Structures are given as structure tokens and as C-alpha cells.
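Some notes on the structure that comes next.
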Amino acid sequence: MRNGKLYTPEQILPEFHDGQTIMLGGSAYHGNPDRLITLLLDSGVRHLTTITADGSIPGRDIARLIEAGRVDKMITSHIGRNPYAIKLYEEGKLDVEFCPLGTLMERIRADAAGLGGVLVKTGLGTEIEENARLIDVDGETYILATPLHADLALVHARRADWLGNLSYYGTCENSNPIIAMANCKTIAEADSIVEINEIGIESIKTPGAFIDMILCEKE
């Protein structure tokens, strides 16, 4: 019997299915859930939609899924550092929905909070505005950025305890705490798994209530 929210790779594998929408934490190859991405690759699932801060670089994190042909669509802020993703996009083999990074994070937060969306000015006067709903508030025009929902969220933390409380280190904090709040099943990996109360209350950035499973590779 497992302790708390700790699960083996074999127990997590059944959570992956063809056609899922999956959020992945991390940005600029910092704080990416690399072991969970490897597990996702091992599962063989295809036709994924991914929601990530960026498109990474060849051979790293989310890029490995793209290179393996597992991703049909990306919702992300940019793919400029990934020549392979750019090539697929230009050839019409990869659907990419571009979204400014701040707006992307707020759309995820809106879903977590049960909001109908957030009003933003970023993107006004650009192609982002073309298919967007515009809202007038006291004479000011805003874009209604709708919530982003996923089937799974995968995040990386510095430390996790058995109840799912997470702490992060440095820039690895980036998008992980927001994505961990996503209104879906959230699976975390951590550099180390510690005892209850070993993470100080002031260091907990993601309360365990947001986490459903923690990857534990050792019995």
C-alpha cells in the first residue's frame, strides 16, 4: 500500500490516453517535469494537445514529445527556439495557438478559480485580436481571454511530502505553481520526497490539496 499520494510509474501510466490535453510546467528548460515526460513518451499515447510556456529547444522536455510525433496542437507563448517545431508549423503538421505568456498564465489561473475569463489589453491591434471577443469597460477595450482547461497537469518541484505539498527552487518556480492549480488531475515529480512537516509552512508554494499524484520511483 502506498503512502499518501505517492505512486509508482506503473500506477501513473494508465492516466495517459490518446487525444488528451496536457499542461506541462516549466519554462526555458527550467522546472520541466522531465521524468513525467519520459513516462508520457513510454506510454505511447498520441494526438496530444499541450499547454506550455514555450516550445523548448530540440531534445529537451516538451520538444521530445514534438519530435516523437505525439503532439497535434500546442497552446504556447512561442516556439522560436525550436527549429523542428517551426518547420512542422510552417508545413501545417503542427497546430499552434500563440498566446502572450502573461495571458496564458492568467487563462490557466482563471480555469483554476472557476472564472469565465480575464480581460487583457495585450494583443490588441495584432492578429491575436482577430478571433477574440472584445469587451468594452468604461470606454476601454479589452480582449476576453477565456480559461484554459486540460485533462492532466504535469509539474516539477524541488521537494514534495507525502500529502502533496510542494516547494520550488529559484527559476524552477516559474509556471509550475500556477499549472499545479489547474482544474484537472495534477501529477507532480520532485527532486526529493520528504516527511510530513519537513517542508516549512512558509516554503510551501503549492498546497497538497491541488496535487493528486506524486511520482515515486522507489518503493
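Everything quoted here is computed from the prediction, not taken from an experiment.
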Measure across [X] and [Y] and return the closest heavy-atom pair with its distance rounded to 0.1 Å.
{"X": "Leu24", "Y": "Ile179", "answer": "O-CD1, 3.3 Å"}
{"X": "Val71", "Y": "Leu94", "answer": "O-CD1, 3.6 Å"}
{"X": "Pro100", "Y": "Ile128", "answer": "CD-CD1, 3.5 Å"}

Applying side chain to side chain donor-acceptor pair (under 3.5 Å) as the test, list every pair that has at least one member in [range]; sequence neighbours left out.
{"range": "residues 160-173", "result": "Asp161-Asn165, Tyr168-Thr206"}
{"range": "residues 182-196", "result": "Glu15-Lys185, His156-Glu189, His156-Asp191"}
{"range": "residues 21-30", "result": "Ser27-Asp54"}

Counterpart residues, side-chain contact (heavy atoms from CB on, under 4.5 Å), relative to [X] (two or more places apart):
{"X": "Ala68", "result": "Leu41, Arg70"}
{"X": "Pro83", "result": "Pro58"}
{"X": "Glu90", "result": "Ile86"}

Which pairs count as ring-ring contact (aromatic ring centres under 6.0 Å, His included) when at least one residue sits in residues 37-95, sequence neighbours excluded?
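ring-ring contact (aromatic ring centres under 6.0 Å, His included) check on residues 37-95 returns Tyr89-Phe98.
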Not counting sequence neighbours, list each pair that qualifies as a ring-ring contact (aromatic ring centres under 6.0 Å, His included) and has a residue in residues 193-214.
none
Taking the side chain as every heavy atom from C-beta outward, state whether [X] and [Y] have any atom pair closer than 4.5 Å.
{"X": "Thr76", "Y": "Ile51", "result": "no"}
{"X": "Ile22", "Y": "Asp151", "result": "no"}
{"X": "Thr50", "Y": "Ile62", "result": "yes"}
{"X": "Leu104", "Y": "Ile75", "result": "yes"}

Counting N and O atoms only, with roles assigned by atom type, does the side chain of [X] sit under 3.5 Å from a partner on the main chain of [Y], one being a donor and the other an acceptor?
{"X": "Arg60", "Y": "Ala28", "result": "no"}
{"X": "Ser175", "Y": "Gly26", "result": "yes"}
{"X": "Glu217", "Y": "Thr8", "result": "no"}
{"X": "Asn82", "Y": "Gly55", "result": "yes"}

Identify, with sequence neighbours excluded, every residue that meets side chain to side chain donor-acceptor pair (under 3.5 Å) alongside [X].
{"X": "Arg46", "answer": "none"}
{"X": "Asp111", "answer": "His149"}
{"X": "Arg64", "answer": "Thr38"}

Show me the donor-acceptor pairs, under 3.5 Å and distance only, between side chains in residues 129-147 and residues at least two apart or in other chains.
residue, atom, partner, partner atom, Å
Glu129, OE1, Gly125, N, 2.5
Asp136, OD1, Gly139, N, 3.3
Glu140, OE1, Lys121, NZ, 2.9

